[in-house]
Amino acid sequence: MRSFATRFSFLFLLAGLSVSTTAATSINASDVVAASDKAMRGDSSYSEATMEIVRPTWTRSMSMKSWTKGTELSLVLVTAPAKDKGSASLKRGREMWNWVPSIERVIKIAPSMLSQSWMGSDFTNDDLINQSSIVVDYQHRLIRDDVFDGEPVWVIDAIAKPEAPVVWSRVTLWISQSTYLQRKVEFYDEFEDLINVLQTFDIQKLGGRMLPTRMEMAPVDKPGQKTVFTTHRAQFNFNIDSEFFSLSQMKSLRE
């Protein structure tokens, strides 16, 4: 089912995973995951970032701006390099469109395209369109306490609910016990094979809140390959009209 309903055909409650009785009774895994999602986005957000696509023999960088409102609306605009400038991606609910200015065409992302690469990176279309899916489309289970990058974290398994429209059947999250930020995420397919690993670093205060300013997504079966996403500026919880997130805006948006 890795075909992209693959995302969440998680009918696996892993064998052999033990949970501390004390931790399990004092920590609600679903509440932690919801708080983590909220910590990463706010009610609305704006950010400026650079995405570096690293391959064994070459590296390519792209600059972009992005806007979000709640969990249903997001818009990403590529501002550099020149050949990609003006390209944009719009998400409204579970629907997504890409604008390709070079051919003046809007492309609707079909369910079969969710697992495809976004802008040639190691992030998928699904990673953009289902950003908050981890909250509503998965069941959560606290596995253990751990340490990542020197800070205490909770390790939580998210198992896809039956029929959930997702690509990954299991996602394991390392969530900070102090900031609720996601510090590491493992993505598994329906065969329980680990496919991608996301790690976050360089926690800094941006826009009045603590954020990981560097994220690295790497496929486990492709040594020397990764995508590094670096956030330079961010703003949160401001007024933005829902009409901003429209097809016409996506096509006309400029740097």
task = Let me see the working for Asp122 and Gln225 under side chain to side chain contact (heavy atoms under 4.5 Å, CB included), right down to the final yes or no.
result = CA-CA 8 Å; Asp122 295 298; Gln225 177 169 322; 2.8 Å; yes
ask   = Heavy-atom distance under 4.5 Å between the side chains of Trp58 and Ile53, does that happen here?
value = yes
Distance (rounded to the nearest 0.5 Å) between Leu77 CG and Thr79 OG1 = 6.5 Å
ask   = Is the closest side-chain donor-acceptor distance between Asn237 and Ser44 under 3.5 Å?
value = no
query = So do the side chains of Trp97 and Ile107 get within less than 4.5 Å of each other, counting heavy atoms only?
reply = no
request  = Could you tell me how the ring of Phe229 sits relative to the ring of Phe123: parallel (under 30°), tilted (30 to 60°) or perpendicular (over 60°)?
outcome  = perpendicular
key: Side-chain heavy-atom pair Trp154, Leu142 within 4.5 angstrom cut-off   = yes
ask   = How far does OG of Ser89 sit from CD1 of Ile109, to the nearest 0.5 angstrom?
value = 7.0 Å
request  = Say whether, by atom type as modelled, one donor and one acceptor occur between the side chain of Ser36 and the main chain of Val32 under 3.5 angstrom.
outcome  = no
query = Does the side chain of Met215 reach to within under 4.5 Å of the side chain of Leu198, using non-hydrogen atoms?
reply = yes
Main-chain N/O of Val136 paired to Lys161 side chain as donor or acceptor, under 3.5 Å = yes
ask   = Is Val147 reachable from Phe201 through a run of hydrophobic residues whose side-chain heavy atoms are each under 4.5 Å from the next?
value = no
Salt-bridge criterion met for Asp137 and Arg94 (N-O under 4.0 Å) = yes
ask   = Would you say Lys184 and Val197 make side-chain contact, with heavy atoms under 4.5 Å?
value = yes
key: Residues Arg214 and Thr230: side-chain donor-acceptor under 3.5 angstrom   = no
message = Could you check, using the six-membered ring where one of them is a Trp, whether Trp67 and Phe244 have ring centers closer than 6.0 angstrom?
response = yes
message = When you measure from the side chain of Arg209 to the backbone of Ala39, do you find a donor-acceptor pair of N or O atoms at a distance under 3.5 Å?
response = yes
ask   = Would one find more than 12 heavy atoms of other residues, nucleotides or ligands at under 6.0 Å from atom NZ of Lys205?
value = no
task = Nearest 0.5 Å please: distance from the CG atom of Leu75 over to the CH2 atom of Trp99.
result = 13.0 Å
task = Let me see the working for Ser66 and Ser47 under side-chain hydrogen bond (donor to acceptor under 3.5 Å, both in side chains), right down to the final yes or no.
result = CA-CA 5 Å; Ser66 64; Ser47 64; 2.7 Å; yes
inquiry  = Has Lys226 got a side-chain atom pairing as donor or acceptor with Arg55's backbone, closer than 3.5 angstrom?
reply    = no
query = Can you find a side-chain donor-acceptor pair between Thr213 and Thr231 that sits under 3.5 Å?
reply = no
salt_bridge(Asp43, Lys69) N-O dist < 4.0 Å = no
inquiry  = With a 4.5 Å cut-off on side-chain heavy atoms, are Ile175 and Ile156 touching?
reply    = yes
ask   = With the 4.5 Å side-chain cut-off for hydrophobic clustering, are Phe236 and Phe238 part of the same group?
value = no
task = Go through the steps for Lys91 and Glu72 under the test salt bridge (Lys or Arg N to Asp or Glu O under 4.0 Å), then give the verdict.
result = CA-CA 7 Å; Lys91 171 202 166 187; Glu72 299 296 307; 5.5 Å; no
task = Any chance you could lay out the side chain to side chain contact (heavy atoms under 4.5 Å, CB included) test for Asp145 and Val155, step after step, and finish with the verdict?
result = CA-CA 6 Å; Asp145 291 343; Val155 182; over 6 Å; no
inquiry  = Could you check whether any side-chain N or O of Ser121 sits under 3.5 Å from a backbone N or O of Trp118, counting only pairs where one atom can act as donor and the other as acceptor?
reply    = yes
ask   = At their closest point, which heavy atom of Ala158 faces which heavy atom of Leu173, and how far apart are they?
value = CB-CD1, 4.1 Å
task = Consider only side-chain heavy atoms of I, L, V, M, F, W and Y, link residues closer than 4.5 Å, and tell whether Leu247 and Leu253 are in one cluster.
result = yes
ask   = Quick one: are Leu211 and Ile203 in side-chain contact, heavy atoms under 4.5 Å?
value = no
key: side chain to side chain contact (heavy atoms under 4.5 Å, CB included) between Lys108 and Met96, worked out   = CA-CA 6 Å; Lys108 176 73 178 291; Met96 180 177 174; over 6 Å; no
message = Could you tell me if Tyr188 and Glu190 have a donor-acceptor pair between their side chains, going purely by distance under 3.5 Å?
response = no
key: Ser87 side chain to Asp84 backbone, donor-acceptor under 3.5 Å   = yes
key: Main-chain N/O of Ile134 paired with His140 side-chain donor or acceptor, under 3.5 Å   = yes
note = On a heavy-atom basis, the closest approach of Thr68 and Ser74 is CG2-CB, 3.9 Å
task = With the side chain counted from C-beta on, respond yes when Asp37 and Thr71 share a heavy-atom pair under 4.5 Å apart, and no when they do not.
result = yes
key: Separation of Leu181 CG from Met210 CE (nearest 0.5 Å)   = 8.0 Å
message = Quick check for you: to the nearest 0.5 Å, what is the distance between Ser102 atom OG and Lys85 atom NZ?
response = 15.0 Å
inquiry  = Please determine whether side chain to side chain contact (heavy atoms under 4.5 Å, CB included) holds for the pair Met64 and Met51, giving the CA-CA distance in whole Å, both sets of side-chain angles, and the decisive distance to 0.1 Å.
reply    = CA-CA 8 Å; Met64 58 194 67; Met51 185 173 71; 3.8 Å; yes
ask   = Does Arg92 make a cation-pi contact with Phe245 (under 6.0 Å, within 45 degrees of the axis)?
value = no
request  = Only one of Asp193, Thr124, Asn196 passes side-chain contact (heavy atoms from CB on, under 4.5 Å) with Phe187; say which it is.
outcome  = Asn196
task = Kindly compute the distance separating CD (Glu48) from CD (Gln235), expressed to the nearest 0.5 Å.
result = 10.0 Å
ask   = Using 4.0 Å as the upper bound for N to carboxylate O, is an ion pair formed by Arg144 and Asp157?
value = no
Distance-only side-chain donor-acceptor flag, Glu216 / Thr227, under 3.5 Å = no
task = Look at the side-chain heavy atoms of Ile, Leu, Val, Met, Phe, Trp and Tyr, link any pair under 4.5 Å apart, and say whether Met250 and Tyr46 land in one connected group.
result = yes
message = If you count heavy atoms of other groups shown closer than 6.0 angstrom to CG of Asp241, is the number above 12?
response = yes
query = Hey, are Arg183 and Glu151 close enough for a salt bridge, meaning a charged N less than 4.0 Å from a carboxylate O?
reply = yes
ask   = Under a single-linkage definition using a 4.5 Å side-chain heavy-atom cutoff for Ile, Leu, Val, Met, Phe, Trp and Tyr, are Val171 and Ile195 assigned to the same hydrophobic cluster?
value = yes
task = Check Met40 against Pro212 and note the closest heavy-atom contact, atom names and distance.
result = CE-CG, 4.2 Å
